[in-house]
Asker: 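To start, I am sharing the structure in question, which I have written as structure tokens.
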Amino acid sequence: MKLDWKKIGLFAGGTLFGTAGVKLLSSDDAKKVYTQCTAAVLRAKDCVMKTVSTVQENAGDIYAGAKSVNEERAQQKEDAVFEDVEEMTEE
């Protein structure tokens, strides 16, 4: 039985690196970095949500204005039809 020392070495190195990585990631300094990054993400989320709210409000105003314009046009068209009918009946 022949041992593949290269594979054993890679496994041992990976295990050592993984153990050191876990200790490094769970250190107090790393936790501070994670906390600061998370706080920055939360601030960005708040900024995005404010922007979304503003866009939604503006879209609502635009939609209401467009409905009003269409209602006015429909009323003008209806009034024009009635005026044409009145002119025809007078003649």
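Residue indices begin at 1 and follow the sequence shown.
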Asker: Measure the spacing between NZ of Lys77 and CZ of Arg73 and express it to the nearest 0.5 Å.
Answerer: 10.5 Å
Asker: Please list, chain by chain and in numerical order, all residues satisfying side chain to side chain donor-acceptor pair (under 3.5 Å) with Gln75, sequence neighbours excluded.
Answerer: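 By the side chain to side chain donor-acceptor pair (under 3.5 Å) rule, Gln75 matches Asp79.
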Asker: Please list, one pair per line, the donor and acceptor atoms closer than 3.5 Å that link side chains of residues 33-43 to other protein atoms, with sequence neighbours excluded.
Answerer:
unit_1, atom_1, unit_2, atom_2, d
Tyr34, OH, Leu25, O, 3.3
Thr35, OG1, Lys31, O, 2.8
Thr38, OG1, Tyr34, O, 2.8

Asker: List the atom pairs, with distances to 0.1 Å, where a side-chain N or O of residues 54-64 and a protein N or O form a donor-acceptor pair under 3.5 Å, not counting sequence neighbours.
Answerer:
unit_1, atom_1, unit_2, atom_2, d
Thr54, OG1, Lys50, O, 3.0
Asn58, ND2, Thr54, O, 3.4

Asker: According to side-chain contact (heavy atoms from CB on, under 4.5 Å), who are the partners of Phe11, at least two apart in sequence or on a separate chain?
Answerer: Thr15
Asker: Considering only Ile, Leu, Val, Met, Phe, Trp and Tyr, and joining two whenever side-chain heavy atoms are under 4.5 Å apart, list the other residues clustered with Val48.
Answerer: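 Direct or chained contacts put Val48 with Val52.
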